[in-house]
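Here's the structure we're looking at; comments come further down.
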Amino acid sequence: MSNRTTVTEFLLLGYSDVRELQILHFMVFLVLYLAALTGNLLIIIAIALDHHLHTPMYFFLMSLSILDLGSISVTIPKSMANSLMNTRSISYSGCVAQVFFLIFFAEADFVLLTIMAYDRYVAICKPLHYETIMNRRACVQMAASAWISVILYASLHTENTFSITFCGGNMVDQFFCEIPQLLKLACSNSYFNEVGVIGFGVCLSLICFVFIIVTYVQILTKVLRIPSEQGRHKTFSTCLPHLIVISMFVSTAVFAYMKPISSSPSALDLMVAVLYSVLPPVMNPIIYSIRNKEIKASLRKLTGVRI
């Protein structure tokens with residue numbers, strides 16, 4: 001019987017046994033990875049170098065780009081390396097690291113998006129108190145509190161996941177070490193603690209999601225009262241990208257972790273995993289740079305290219 005003391009590696013899902021398709025998978029993921037790296041690094045550099053963007057909103061946007069860089073670097077490079085070298089293995093410690101960092105970056109992303117929603121609420125609904133409420137100290141404290149709490153949560157998740165006894169072999173039906181797929185390998189009655197942690201995380205996520213919805217309802221109510229059409233357009237151009245990012249991230253992640261786990265690998269599981277783990281880090285820079293005039297102007301000055 002395999003357990004956590006005898007499992008030394010896991011076998012990840014292979015896209016194909018055909019060498020040409022493996023190379024195609026490598027090239028597709030390479031393009032996505034480079035797009036995410038380039039876009040997020042440009043946003044980080046633009047905000048860091050342009051003093052006009054040293055405001056709470058762009059501070060959180062830069063933090064989001066840093067998290068996106070970490071998030072996509074957890075899963076994509078290993079999958080590309082496996083395709084290139086025609087292997088499927090990942091070490092036990094590598095799998096542990098993937099679970100920890102994926103949970104950390106994903107949860108930190110969601111908490112940061114919640115903070116960004118609050119920042120927009122204060123800016124639009126309480127503009128006279130904005131600089132008092134969202135001062136530099138408050139922003140740093142909120143960001144630090146989010147990172148520390150998420151580290152503790154990711155540690156708890158990882159500890160519970162790898163304290164289970166694995167009786168179902170070591171084949172993970174996903175291109176990275178995804179918790180629901182690892183639970184498929186668990187012996188019966190040995191993973192209830194992790195299920196409880198997942199339930200706790202879902203409750204916290206729902207609280208954040210309800211807070212975001214309530215916040216945006218108030219924002220939209222306030223925006224509709226703005227007499228200036230230009231003012232309404234500017235507000236919507238700031239808030240709509242935020243809503244797009246949240247909707248894409250929450251819907252796919254919740255579906256991946258809450259739906260019943262199939263006994264065999266499916267194209268749907270793979271597609272959903274790509275949508276919540278790969279697509280947001282790629283799309284965030286595109287959404288913000290295209291719809292945000294300040295970011296576009298800063299990038300234009302930085303690169304000399306009209307965007």
Side-chain angles (χ1 to χ4, degrees), residues 12-16 21 24-44 60-83 98-99 101-114 116-117 150 154 172-181 201-202 205 208-209 212 239-259 262 265-292 295 299 307:
L12 300 177
L13 180 67
Y15 285 93
S16 175
L21 293 178
L24 177 62
H25 158 247
F26 170 80
M27 295 303 298
V28 170
F29 267 29
L30 178 62
V31 170
L32 292 174
Y33 188 55
L34 291 178
L37 287 181
T38 303
N40 284 292
L41 282 174
L42 282 175
I43 288 181
I44 293 170
F60 293 128
L61 177 56
M62 183 170 67
S63 299
L64 183 66
S65 291
I66 293 172
L67 292 173
D68 283 339
L69 284 177
S71 176
I72 199 167
S73 296
V74 171
T75 57
I76 291 287
K78 179 59 179 175
S79 182
M80 290 193 303
N82 280 0
S83 289
Q98 273 199 343
V99 168
F101 285 110
L102 186 64
I103 293 297
F104 169 75
F105 287 120
E107 291 298 324
D109 240 24
F110 191 49
V111 173
L112 192 60
L113 289 170
T114 305
M116 290 171 68
V150 169
V172 181
D173 293 330
Q174 193 54 269
F175 69 93
F176 60 93
C177 287
E178 187 183 50
I179 289 178
Q181 300 299 330
V202 168
S205 297
C208 289
F209 187 67
I212 291 172
C239 295
L240 283 179
H242 194 185
L243 284 173
I244 292 171
V245 171
I246 293 171
S247 300
M248 179 169 35
F249 178 78
V250 173
S251 60
T252 53
V254 168
F255 181 80
Y257 278 79
M258 298 302 293
K259 78 175 186 64
S262 58
S266 69
L268 180 61
D269 290 338
L270 180 61
M271 182 181 69
V272 168
V274 170
L275 286 176
Y276 82 79
S277 66
V278 177
L279 201 57
V282 175
M283 292 300 297
N284 283 351
I286 298 174
I287 291 172
Y288 283 107
S289 63
I290 289 177
R291 299 189 62 89
N292 189 292
I295 289 288
L299 290 175
I307 301 175

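What you see below is based on every heavy atom in this structure, not just the backbone, and it leaves out hydrogens, waters and symmetry mates.
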Student check: side-chain heavy atoms of D109 and L64 closer than 4.5 Å: yes
Contacts of type side-chain contact (heavy atoms from CB on, under 4.5 Å), residue V111, not counting sequence neighbours: I115, A146, V150
Would you tabulate the side-chain donor-acceptor contacts of residues 74-81 under 3.5 Å, counting partners in other chains and residues two or more places apart, or write 'none'?
from : atom 1 : to  : atom 2 : distance (Å)
K78  : NZ     : N82 : OD1    : 3.4
K78  : NZ     : S89 : O      : 3.2
S79  : OG     : H25 : NE2    : 3.2

Under the side-chain contact (heavy atoms from CB on, under 4.5 Å) test, residues paired with L41 that sit two or more places apart: L69
In a table with atom names and distances, give each donor-acceptor pair under 3.5 Å that connects a side chain of residues 29-37 to protein atoms at least two apart or in another chain.
from : atom 1 : to  : atom 2 : distance (Å)
Y33  : OH     : S73 : OG     : 2.9

Side chain Q181, main chain Q174, donor-acceptor under 3.5 Å: no
Minimum heavy-atom distance between L270 and F175, given as atom pair plus value: CD1-CD2, 3.5 Å
Gap separating the CE atom of M116 from the CG atom of L113, nearest 0.5 angstrom: 6.0 Å
Donor-acceptor pair, side chain of N40 and main chain of P281, under 3.5 angstrom: yes
Closest approach of A117 to I212 (non-hydrogen atoms, all atoms of both residues): CB-CG1, 4.2 Å
Can you give the donor-acceptor pairs under 3.5 Å from side chains of residues 271-279 to other protein atoms, not counting sequence neighbours?
from : atom 1 : to   : atom 2 : distance (Å)
Y276 : OH     : E178 : OE2    : 2.6
S277 : OG     : A273 : O      : 2.5

Residues that F105 engages under ring-ring contact (aromatic ring centres under 6.0 Å, His included), provided they are two or more places apart: none
Residues, nucleotides or ligands: over 12 heavy atoms within 6.0 Å of F26 CZ: yes
Rounded distance [0.5 Å steps], CD1 in I43 versus CG in N284: 7.5 Å
From OG1 (T114) to CZ (F209), nearest 0.5 Å: 10.0 Å
Closest non-hydrogen atom pair between L12 and F176, with its separation: CD2-C, 3.8 Å
Interatomic spacing from CD1 in I44 to OG in S63 - rounded to 0.5 Å: 9.0 Å
